[in-house]
Amino acid sequence: MKIYNAMTRRKEEFVPLEGKNVRMYACGITVYDLCHIGHARQAIVYAMIADYLRYMGYNVKYVRNYTDVDDKIIKRANEFGKNALDFSEEQIKETEIDMAGLHVTDADIYTKASEYIDKIINFVSELIKKGYAYPTEKGDVYYSVRKFPEYGKLSRRKVDELLNGVRVEVEEGKENPIDFALWKSAKPGEISWDSPWGKGRPGWHIECSAMALDTLGETIDIHGGGRDLLFPHHENEIAQSEALTGKKFANFWTYCGLIKINGEKMSKSLGNSLTIRDALKKYNYEAIKYVMFSKHYASDVDILDIDYQIAESHLYYFYTTIKNMLDFANNYGGNENEEGLANDISAEIVSNFVEVMDDDFNTSAALANLHSIFKYANASMKAAKKNNRRATANTMLKILKELHEAYSVLGLFEQNPEHFIAGLKCKYLKKIRLDEDYIKEQIEKRAEAKKSKDFEMADSIRDDLDGKGIILNDSREGTSWDVKALYKIG
RNA sequence: GGCGACAUAGCCAAGUGGCUAAGGCACGAGUCUGCAAAACUCUGAUCCCCGGUUCGAGUCCGGGUGUCGCCUCCA
């Protein structure tokens with residue numbers, strides 16, 4: 001298995017430090033507001049990585065944190081007249097609702113900064129003792145970047161160059177403008193804890209170092225986060241952790257790309273952010289995952305509304321085919337343990353999946369494979385003649401078994417096909433303000449017209465429905481209806 | 001200003017040295033159909049520009065152009 005390592009800037013063979021045990025940490029969320037779709041991508045991506053590693057036989061210990069104390073949280077809590085920790089606790093609950101809505105696999109451990117105050121204070125004290133940090137008269141503690149010669153190794157920045165880009169105002173007591181806060185003294189009215197340096201709270205970067213060290217040990221296998229955390233957050237994590245332990249902090253540094261909307265980074269201030277909550281109101285959760293997995297996890301991507309619609313129509317096609325496969329197998333007495341078709345592709349499904357996923361989690365290629373699988377299934381059922389229907393039925397079941405085995409790693413095909421199909425149809429009917437009874441009436445009217453060979457009448461009924469967004473499908477068993485938007489996109 | 005990423009068909013997107021450059025959307029043709037639809041089959045790009053390395057490059061190196069990100073909180 002190869003994983004791209006941002007530290008070395010190349011794909012490397014992934015070997016855990018300790019046998020089959022993988023220690024993985026992903027920087028989680030600062031809970032100052034509802035999560036947006038970018039948080040969803042990061043959570044989905046790292047859950048997928050953990051799931052795939054488990055699928056490949058590793059024992060994974062996956063830790064995510066919540067930053068529940070920070071400037072933004074304090075500000076927002078004050079706006080609502082709430083205690084900062086009460087506020088962040090509420091926001092964590094909201095986040096959990098969103099993640100459950102997305103059916104994201106849980107991490108093994110969730111940590112909160114507020115529960116790590118003692119450990120953070122010890123961490124900071126140790127850094128002071130070792131000469132990597134210094135307190136100021138005001139009660140702040142700063143990390144002395146100059147003392148850590150390797151500073152900049154992840155982001156490839158040089159300390160001297162960083163000085164050029166630094167803001168003019170320098171906080172009181174800082175020895176060097178690029179030094180960053182490990183501990184922030186409390187301002188009036190702010191939440192605070194007692195410390196050797198007076199009342200205050202942890203700096204942002206130290207939280208992750210302390211929580212990762214405590215839950216996973218001195219060196220972790222895979223560290224992850226959004227691309228925007230590479231500098232300074234992760235650079236600072238390395239400086240803190242490696243100064244303390246003298247050991248390498250993480251073997252693999254991985255980054256999830258950022259989501260853009262119309263070419264611009266998604267952000268509150270631009271007013272272009274899409275919350276998970278709103279996304280789930282509009283699209284099925286598997287469609288959201290499908291969109292995320294249709295691009296490589298590390299690329300920054302521009303995601304438009306149309307992409308979710310296309311994803312939904314793909315899933316509609318997949319689920320419809322799955323339903324047809326199950327019906328076919330049912331009708332012709334399929335048994336997955338019996339011999340199937342001669343050119344059966346089911347045996348390759350899992351191996352193809354593993355092959356592309358082993359290459360830095362190429363989910364896009366994994367999704368591409370789905371199309372050929374379902375095409376094969378549809379073509380086989382269509383071509384099935386009387387004498388090989390049983391074999392075809394057996395093959396359909398074998399394919400479904402393999403599909404579920406592999407693609408559960410991506411969280412796809414978890415839903416009951418009939419429910420999924422009905423759910424989407426229902427959603428679109430609401431959107432175009434039609435009810436099913438009306439459609440059924442029209443179908444009956446058209447059936448009568450057809451019976452009396454009044455094709456003009458029949459066609460006009462069909463055209464009328466088509467104009468409303470409903471397409472009809474005549475078959476030997478009768479006429480069924482479907483939502484046009486689930487087929488014709490754009 | 002500093003650091004970095006990316007640039008593949010109308011659109012989305014995989015592919016980091018080697019058979020005919022995945023897959024999807026849209027477009028067109030066909031099978032099927034009373035006609036349609038769905039499904040299936042077929043159909044499209046020499047990879048931003050210039051130069052170099054190599055038997056051979058979308059894939060490596062240098063230069064240019066463009067887009068974006070980070071350098072302040074940010075998944």
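Residue numbers start from 1 in every chain, and the chains themselves are labelled A, B, ... in the order their sequence lines are given, proteins ahead of strands. Note that the structure is a prediction, hence the values are computed from the model and not measured.
- Note: A/His223 and A/His234 have perpendicular aromatic rings, judged against thresholds of 30 and 60 degrees for the angle between ring planes.
- The cationic group of A/Arg64 does not satisfy the cation-pi geometry with A/Tyr25, failing either the under 6.0 Å distance to the six-membered ring centre or the 45° limit from the ring axis.
- Here B/A36 presents its C1' atom at 9 Å from CG of A/Asp463, a figure rounded to the nearest Å.
- Using N1 to N3 plus N6-O4 or O6-N4 for Watson-Crick, or N1-O2 and O6-N3 for G-U wobble, each under 3.5 Å, B/C40 pairs with B/G30.
- For B/A37, the base is not stacked against the aromatic ring of A/Tyr487, per a cut-off of 5.5 Å between centres and 30° between planes.
- Within the nucleic acid shown, A/Phe455 comes within 4.0 Å of at least one base atom, counting heavy atoms only.
- Taking atom C1' on both B/A36 and B/A45, the two are 33 Å apart, rounded to the nearest angstrom.
- Only the C1' atoms considered, B/G23 is 16 Å distant from B/U43, to the nearest whole Å.
- Nearest-nucleotide mapping onto RNA chain B: of A/Asp459 and A/Ile259, the residue sitting toward the 5' end is A/Asp459.
- Between B/A57 and B/U8, the two C1' atoms lie 14 Å apart (nearest whole Å).
- Base engagement by A/Gly257 is indicated by at least one non-hydrogen atom pair under 4.0 Å involving a base atom.
- Take the nearest nucleotide of RNA chain B for A/Ser313 and for A/His233: the residue whose nucleotide is more 5' is A/Ser313.
- With both ends at atom P, the span from B/G2 to B/C73 equals 22 Å, rounded to whole Å.
- Of the charged side-chain nitrogens involved, none lies within less than 4.0 Å of a carboxylate oxygen, so that A/Lys72 and A/Asp70 do not count as a salt-bridged pair.
- Contact annotation for A/Tyr317: backbone-only contact, meaning every heavy-atom pair under 4.0 Å involves sugar-phosphate atoms and none involves a base.
- Contacts of A/Ile471 with the nucleic acid, taken as non-hydrogen atoms under 4.0 Å apart, involve only primed sugar atoms and P, OP1 or OP2.
- Pairing of B/U46, defined by two Watson-Crick or G-U wobble distances under 3.5 Å, is not identified with any nucleotide.
- When the side-chain nitrogen and oxygen atoms of A/Lys260 are compared with OP1 and OP2 of B/A5, none of them lie within a distance under 4.0 Å.
- Between the base of B/G23 and the side chain of A/Asn369 there is no donor-acceptor pair shorter than 3.5 Å.
- Note: CG (A/Leu486) to C1' (B/A39) measures 16 Å, nearest angstrom.
- Using a 4.0 Å heavy-atom distance criterion, A/Leu472 is classed as a base contact.
- For A/Arg157, the listed nucleotide lying nearest its side chain is B/C70; candidates were B/C35, B/A75, B/C70.
- Residue contacts shown for A/Leu230 are absent, as no nucleic acid heavy atom lies under 4.0 Å away.
- Remark: C1' of B/C70 and NZ of A/Lys158 are 16 Å apart, rounded to the nearest angstrom.
- Within the 4.0 angstrom heavy-atom criterion, no nucleotide atom of any strand lies near A/Thr321.
- Nucleic acid contact class of A/Arg9 (heavy atoms, under 4.0 Å, all strands): sugar-phosphate only.
- Distance, A/His371 NE2 to B/A22 P: 16 Å, rounded to whole Å.
- A/Ile3 and A/Tyr297 get closest at one heavy-atom pair: CG2-OH, 4.3 Å.
- The distance from atom CD of A/Gln309 to atom C1' of B/A26 is 14 Å, rounded to the nearest whole Å.
- As judged by a 4.0 angstrom heavy-atom cut-off over every strand, A/Asn378 is placed among residues touching the sugar-phosphate backbone only.
- Between A/Glu312 and A/Lys427 there is a salt bridge, since at least one side-chain N of the basic residue sits less than 4.0 Å from a carboxylate O of the acidic one.
- At the phosphate of B/G4, neither OP1 nor OP2 sits under 4.0 Å from any side-chain N or O atom of A/Ser155.
- Checked by distance alone, A/Asp228 brings no side-chain donor or acceptor within 3.5 Å of a matching partner on the base of B/C73.
- Comparing the C1' positions of B/U54 and B/G18 gives a spacing of 12 Å, expressed to the nearest Å.
- The NZ-C1' distance, from A/Lys153 to B/G4, rounds to 19 Å in whole Å.
- Under the 30°/60° scheme for interplanar angles, the aromatic rings of A/Phe252 and A/Phe14 are found to stand perpendicular.
- Across all strands, A/Gly38 comes closer than 4.0 Å to base atoms (heavy-atom distances).
- For the pair A/Lys382 NZ and B/U31 P, the interatomic distance rounds to 13 Å; values are reported in whole Å.
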Any protein N or O atoms within reach of nucleotides 14-16 of chain B? Criterion: under 3.5 Å, listing atom names and distances.
from  : atom 1 : to       : atom 2 : distance (Å)
B/A14 : OP1    : A/His296 : N      : 2.9
B/A14 : O3'    : A/Asn362 : ND2    : 2.9
B/A14 : O2'    : A/Asn362 : ND2    : 3.2
B/G15 : OP1    : A/Asn362 : ND2    : 3.3
B/U16 : OP1    : A/Lys11  : NZ     : 3.3

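- When the C1' atom is compared between B/G17 and B/C55, the two are found 12 Å apart, to the nearest whole Å.
- The two residues A/Val45 and A/Cys256 have their closest heavy-atom pair at CG2-SG, 4.1 Å.
- Annotation: B/C71 and B/C27 have their P atoms spaced 43 Å apart (nearest Å).
- A salt bridge is absent between A/Lys260 and A/Asp300; no separation between the charged side-chain nitrogens and carboxylate oxygens falls under 4.0 Å.
- Residues A/Asp98 and A/Arg277 are paired through a salt bridge, judged by an N-O separation under 4.0 Å between the basic side chain and the carboxylate.
- Looking at heavy-atom distances under 4.0 Å, A/Ser372 makes no contact with the nucleic acid at all.
- Rounded to a whole Å, the CD1 atom of A/Ile421 is 12 Å from the P atom of B/A39.
- Pairing of B/C25, defined by two Watson-Crick or G-U wobble distances under 3.5 Å, is identified with B/G10.
- At a cut-off of 3.5 angstrom, the base of B/C73 holds at least one donor-acceptor pair with the side chain of A/Lys72.
- Comparing B/C35, B/A75, B/C40 against the side chain of A/Arg462 picks out B/C35 as the nearest.
- Nucleotides B/C47 and B/A9, compared at atom P, are 9 Å apart to the nearest Å.
- For B/C68, the paired nucleotide is B/G4, the pair qualifying as Watson-Crick or G-U wobble because both relevant distances are below 3.5 Å.
- Under a 4.0 Å N-O distance rule, the pair A/Glu436/A/Lys440 qualifies as a salt bridge.
- Nearest approach of A/Thr254 to A/Tyr4, heavy atoms of both residues: CG2-O, 3.9 Å.
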